[in-house]
Amino acid sequence: MFVLVEMVDTVRIPPWQFERKLNDSIAEELNKKLANKVVYNVGLCICLFDITKLEDAYVFPGDGASHTKVHFRYVVFHPFLDEVLIGSIKGCSPEGVHVSLGFFDDILIPPESLQQPAKFDEAEQVWVWEYETEEGAHDLYMDTGEEIRFRVVDESFVDTSPTGPSSADATSSSEELPKKEAPYTLVGSISEPGLGLLSWWTSS
Amino acid sequence: MQGSRPRRVLQAPGVQRGDPGVHRGARSRPQGARRGRPVRRRVCVELRWCCRPEAKRRGRHGSVFQLLTDMKEQRKESGKNKHSSGQQNLNTITYETLKYISKTPCRHQSPEIVREFLTAVKSHKLTKAEKLQLLNHRPVTAVEIQLMVEESEERLTEEQIEALLHTVTSILPAGPEAEQKQNTSDDVTMDEEDPA
């Protein structure tokens, strides 16, 4: 679920922080820049693991701050494909079941990846697995807040960096704000034995 | 004696004040030092610097838990203002991740336990990803093992699956839910003994 990613960056330390130890200032700056942010094609950054190399610090004319090139490793949330994770159901909608891990919310299980046969209960707005046994069909509800075990089948990164103003359309300013897309989403599946709500598979 | 590390501050070689692009008196921003974009949660950070995707190493939940707990202790001790806006993101993500991991069985894992577990399962010839999942999830049923181990029907016989389950449950410490269940069942037996 978590990976260590090696990165390189130039960190700017302003002069009023020169009295602090360099490593501490750099760690703070890196965490300020990256913690809880998604890096495109890498994942959700959690926190700094360590600093592997510090190069010379330079001061540029006109700017009193020092700039240091830092090689460091960062803990990033990036589950590998087919990894099994446990999360909690945030809610259900016709698009599927939304799952959350607490620190990461954009996980969706589409209807075709649910345990089949499944149907959406409009009244309660919840997905239901119609489990068939000899005695008849049991309806297993996927309620909000329940723990669910799922497999990661796909991930998608969207570049949400702001783009420049488009010079083509003069009327573009009257358009509504663009849809807020999540920069990193996971698609899960529970269509295998053992996956789904934990309560479905525990033998009491 | 304050042993502050001497800062080697050098003029960037070859840059003079009169050079084009270097404004006198203005704050010049050299290449590669652009800051990340603003503060909305989980915005894509602009990547002007390089990141080597092949240079990745998978980390266990347990080691991340240890790292975050240590970091939290360190920051509490240093007493710095944790509430400055820059640290808010770090606080949020640390809190949420710790909360998530403390609900899993990984919170009691130590490097010795992990080493013991890895030597014990060496004979089953599992891939790194499978061993990582076993460590993170601590499966207790055969169904869960089949989920985590690819093609387990062909690679492992029933006895091997049982042996693997036994190794997992005996070496890896149980999660907080299992402990809770154990506590309540202990209470029940104590009540039964009392009237006697």
Side-chain angles (χ1 to χ4, degrees), chain A residues 1-10 12 18-19 21-22 28 31-42 44-47 49 56-63 66-67 75 78 80 82-84 86 101-103 149 151 157-162 182-184 192-195 201 203, chain B residues 4-5 7-12 15-17 22-30 32-33 35-37 41-47 49-53 55-61 64 67-68 71 86-87 89-90 92-94 96-97 99-100 104 129 133 136-137 141 143-144 146-148:
Chain A
M1 179 143 87
F2 298 105
V3 282
L4 272 185
V5 181
E6 287 179 16
M7 305 190 200
V8 182
D9 190 17
T10 308
R12 178 181 182 269
F18 280 177
E19 60 182 4
K21 291 183 74 166
L22 182 61
E28 192 181 311
N31 277 328
K32 212 190 283 192
K33 178 172 183 177
L34 288 175
N36 204 17
K37 303 247 175 79
V38 172
V39 176
Y40 187 61
N41 281 341
V42 174
L44 172 68
C45 298
I46 308 281
C47 75
F49 185 71
D56 291 338
Y58 289 93
V59 173
F60 292 98
D63 184 6
S66 74
H67 299 88
V75 178
H78 189 180
F80 53 90
D82 289 342
E83 183 173 358
V84 174
I86 299 187
L101 293 178
F103 57 94
R149 188 183 290 131
R151 192 189 285 280
F157 285 97
V158 175
D159 192 358
T160 54
S161 342
Y184 180 34
E192 280 171 61
L195 296 179
W201 302 98
S203 45
Chain B
S4 65
R5 176 167 173 254
R7 188 182 294 262
R8 287 174 58 193
V9 160
L10 310 164
Q11 274 287 14
V15 178
Q16 310 292 333
R17 282 199 91 173
V22 178
H23 304 287
R24 274 173 36 162
R27 298 163 66 103
S28 49
R29 286 212 180 256
R35 298 246 185 108
R37 286 295 166 171
R41 190 177 181 196
R42 294 205 218 107
V43 162
C44 256
V45 173
E46 199 180 303
L47 206 81
W49 28 278
C50 69
C51 157
R52 297 165 48 205
K56 284 195 208 180
R57 215 186 80 189
R58 296 212 190 107
R60 297 176 296 110
H61 291 194
V64 175
L67 171 76
L68 290 176
M71 199 184 66
Q87 300 299 319
N89 269 329
L90 181 65
T92 312
I93 192 83
T94 314
E96 297 280 0
T97 312
K99 200 164 85 163
Y100 177 80
T104 67
Q133 289 199 83
N136 283 342
H137 289 286
T141 60
V143 172
E144 292 172 54
Q146 278 172 0
L147 270 183
M148 294 171 198

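Just so it is clear, the values below take in all heavy atoms, side chains as well, and ignore hydrogens, waters and symmetry mates. Numbered from 1 within each chain, the chains take letters A, B, ... in sequence-line order. All values derive from a computational prediction rather than experimental measurement.
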Which heavy-atom pair separates Asn89(B) from Ala35(A) by the least distance, and what is that distance? CB-O, 3.5 Å

Check whether Glu192(A) reaches the backbone of Leu147(B) with its side chain - one donor and one acceptor, N or O, closer than 3.5 Å. no

Smallest separation among heavy atoms of Cys45(A) and Ile93(B), with atom names: O-CG1, 4.4 Å

Shortest non-hydrogen separation from Val84(A) to Gln133(B) and the atoms involved: N-OE1, 2.8 Å

How far apart are the C-alpha atoms of Thr97(B) and Val75(A), what are their side-chain angles, what is the distance that settles it, and do they pass the side-chain contact (heavy atoms from CB on, under 4.5 Å) test? CA-CA 12 Å; Thr97(B) 312; Val75(A) 178; over 6 Å; no

By salt bridge (Lys or Arg N to Asp or Glu O under 4.0 Å) - contacts of Glu144(B) (at least two apart): Arg149(A)

